[in-house]
**Student:** 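The structure's right below; bear with me while I get my questions together.
Computation of the quantities below employed the complete heavy-atom set of this structure, encompassing side-chain atoms and omitting hydrogens, waters and symmetry-equivalent molecules. Chain letters run A, B, ... following the sequence lines, proteins first and then strands; every chain starts at 1. Worth saying up front: this structure is predicted, and the values here are computed from it rather than measured.
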Amino acid sequence: MAEVEAAGTEVGGSPEAAAGGTGSGWRRPHGPLQRYYGPPAAETAEAAPDPADINGPHFDPEVFLTKVRSECPLGQLLAREAALGREIRALDSDMQTLLYENYNKFISATDTIRKMKVDFRRMEAEMDDLAANMAAISTSSARVSAALQDRHRRGAQLAGVQALLRKLQSLVEVPGRLRRWAAPGAEPARALRCHARARAVLRHYRHLPSFRAIEDESHAIMADLAQRLRARLRDDTLDPKELTECVEMLLQLEEPPEELCEEFLSHAGARLEAELAALEAELPPADPSGTAATPPPASDILDFVDRGSSAFVGNLCLLAASYRSLFEGRPGAGDGRLEAFAATLTARYFELLERRLALERGLGDTSLLVRALDRFHRRLRALLELLPAAGAEAGAALVARAARERVDRYLRALQTFFLGCLGDVRQALAVPRPPGKEGPGLPDLLATLASSVLGQLKAVLAYVQLFTAKDVAFASLPYFKGEFCVEAVREGLVVAFVRWLCRTARGFADGPAERGAPAAPPALLLLLARLCLDYEATTISYILTLTDEQFPPQDAGPAVTPGPALCTEARGAAQRLLDHYVQVQGAAVAQMLRKSVETRDWLGTVEPRNVRAVMKRVVEDITAIDVQVGQLFEEGVRRAQSSDSSRRAFSVYSSSRAPGRYAPSYTPSAPMDTHLLSNIQKLFSERIDIFSPVEFNKVSVLTGIIKISLKTLLECVRLRTLGRFGLQQVQVDGHYLQLYLWRFAADERVVQGLLDEVAASAAHRCLDPVPMEHSVVELICERG
Amino acid sequence: MEDDAPVIYGLEFQARALTPQTAETDAIRFLVGTQSLRYDNQIHIIDFDDENNIINKNVLLHQVGEIWHISTSPADKGVLATCYNKTSDSKVMTCAAVWRMPKELESGSHESPDDSSSNTQTLELLCHLDNTAHGNMACVMWEPMGDGKKIISLADNNILLWDLQESSAKAALSSSAALEGKGQLKFTSGRWSPHHNCTQIATANDTTVRGWDTRSMRQIYCIENAHGQLVRDLDFNPNKQYYLASCGDDCKVKFWDTRNVTEPVKTLEEHSHWVWNVRYNHSHDQLILTGSSDSRVILSNMVSISSEPFGHMVDDDDLSDQEDQHQEEKIKEPLQDSVIATYEEHEDSVYAVEWSSADPWLFASLSYDGRLVINRVPRALKYHILL
């Protein structure tokens, strides 16, 4: 069997192999198949025919024998021979078996064929009989049918007549049915169906008087029905579903859709108006002036929005849907009508909501507001899917406005809070302290102020963040993603607050200090200066970073105020405040000095025994200021001191030294001489700006105050005329100030220079300039 | 550039009093009074030759005492009034007197001799303003535009109006008013308004500025707390009748509309110490001169509240500031209110600044060390204003 199969394969494969070169067109698709099933065609074709293969088709016994003989040893030959013998015998026996089996089959087949031949002969005869019978049947059947034809025709005619009659009957019955169904309270819908069926026929046959009568009657009934339906339509108690049905029926009655549309809308409009009115009833009457104190609304905003959305917005949705289904595609019900209708109503609704939102005066619960707005927005979105023109922008704008309004309110609340804190600080500063018991120090007050303001700001930011929470629907509006974060929160809240803070702080320096209003206590100025400085250094950048984290700004968003600009403002405010502090404190000390110089009789005074009390007071005050400033500001840099600074002798009158800056030169010499001398002096001394900006440290502040005080002393002394003892008193006072003030100033030479000028001016203004012995001056000063 | 350079003149004594020779309209002439307790005081008549940039001086002796204030008659070039300290028996009294200078010095036309200091002449006393009952004289004001017959002096808390009779040989007190109130009130300075037919004056005491009607001698307005501290000086805008400038110890210069005294119209804060003097330019009232004890003189340009903000009325300027500015920007670069120049030639406190009565572009300033500096308005600005 092996060869047979092999041969079969070979036979199947060879034509393809032969056609391989030419018929590639059809062969190609079979390629993969063939490759799968058998040895590849190419392989078959290419393998050289092996004549030595005993199972191959090209087997050549001669070649095989020669090959075997020449290649194999004897033992192998013998084994081969035995094997071949066995194989041949097996094949022989197989062949015999096949032969036997097939023989039996041939015999039985021959028998069967013989039997068939006999049977067919009988069957032919029977078939002939059958043919004759069939012919007879067909003739008789033709006869019968010919006989019946006439009756059948008449039957069919009668049936047709009956159907027609039934139809006529039903037509005649139409008015009755209509009347029955169209009666009040019955089923107008069935009447409508019935009428719709009959209408076409009636219209077709209206030229026949009887049909016309029917038609007219049914028309009349339907007109009546229409009348009643219309009457119903005007009934206010109709709920929206009934209304829709009613209008639908009227439409089927071919009432003009335009008119119906009008009616429908006006009816629905009335209902919606009523709902709006119910909402409005909750609001206090519109108060154009906005001044009257309105009582707090009865229900909270969430409740209000809830009711508004479920009643009004829900009904409007319903209305829009039924309008669409009723009037879609009908002429006359112009597309714009519903939109215009809805737009007016939503506009009113928005207005109401806006008024209600305006009632949310206080800060209330922001989460409640956010939820209310969220609900409103969601419902509105549902409505907008039906009615894209119903004011999407207006709704979004309303939400945005409400949010913005809330942010503004927070800003105001923050401002109030800050002012409250300031008030507390002022109070704490103003409370008189029992001697020996220290109140809260300035650093404590500053820390409390700064931390409570920062805490409040953070809390506000957290509240405002509710508006941009992920689960809030309107947070995905582009406004809330971009503009709200940047414009409302960052600029409108944070930046505005910082700006306001700086402005307010500045206001203490710029504003009321002079005219009327009570001036801020100096300690407050100092405190605010430090606060602004801290803001400049750290707080502003911290706040801005925090804001930017919580409200990430859009890349292409509007320009934001950069942090450095704010810092500059804060620094400007701090500088202004500190300058003002110096001026206020300096003016206070200066005032004391001025009064003391102006009120004293310098001509008639007695020989000085003591330092004047006012000088001691000045030193005390400046020491107190030093302590105060030291609490908030760093020490600052001092110019290197000469070792003997406190011991330095008054130079003006000592002949050993070169003349001081204002060294008197009494000889009426030629003008040039004096001025040459004085000019040379001035080349070596710097011009001192008295009311000049100070640096943010203690030494600079104190220097500023001392400069103001001493310059005042100088100017006042110049306005007086002194006697001998007056001059000596000035000398003593000056030395005392020199002893105690140099340590506060950045550069003791400034103090020295100014005191020298005072002494020189006093000498000028003295009628009898006899200075006191320096040792005596020192003695008096040391005695205190 | 060269003739914009300042001209400096030095006196050998301290000095506070400076005035232009008001009646002189051709020559540039200033009078300076010195302060010396131990030597004879002098009045220097300083002529400035604009073309040659040369100063000529004449010295008059003023032997009665050191001069605190000086003013010249608007009608007679030779007549002047001084307030001076008289010391006697450990008492200092500030008195006032009207003087006449020698005829030949009136117009300063003669050549100044080089040895003028040795060749000093003396003032002729016309009359004393008797103040024994009224206190120390702070200043003497002549009636502007008048015939030199009326003067007002401020003595402690009194305003005294004098009539000069018999060609100034006799001063009769025609009316007076006293400032009543708690504390020791004292006028520091005053100014006679050239408007309203010269019936108004303004005075300063402490931080308050008051306006008075010279006919009734009643107060007509009062600016309480005009400055944070003492008010040092006042001046009326020569071209706008309700405008007043004041300066004081708070380093500020303020401009007021006397019809509404609750807020100043403008405030300048350029000086770093007390401002002792403020003066409007006589012709171009946008030019404001201030002198301060920070040794600086500052010339400011206050266009926005001047009478000539480019042909517009000032009131328009306030109302439609925006519009006007837009228009002006198109037509012409507008001058903003600004500091034109800061003059730092002085080394000591400047107690007096004055515009020349003859040349509106020229002014003098006097510092305590006796240095008189004559400066001009920068030329660019001058042409800008004129053209």
**Student:** Does either side chain, that of B:Asn85 or that of B:Glu66, offer a donor lying less than 3.5 Å from an acceptor on the other one?
**Tutor:** yes
**Student:** Using heavy-atom distances under 4.5 Å, tell me whether A:Arg765 contacts chain B through its side chain, its backbone, both, or neither.
**Tutor:** both
**Student:** What option among A:Asp768, A:Leu719, A:Thr721 has the most heavy-atom pairs under 4.5 Å with chain B?
**Tutor:** A:Leu719
**Student:** Quick one: are A:Leu593 and A:Met615 in side-chain contact, heavy atoms under 4.5 Å?
**Tutor:** yes
**Student:** Please state whether the side chain, the backbone, both or neither of A:Thr712 comes within less than 4.5 Å of a heavy atom of chain B.
**Tutor:** both
**Student:** So, for B:Ile67 and B:Ile43, which heavy atoms are closest and what is the spacing to 0.1 Å?
**Tutor:** CD1-CG1, 3.5 Å
**Student:** Tell me, do B:Tyr351 and B:Gln14 make a side-chain contact under 4.5 Å, heavy atoms counted?
**Tutor:** no
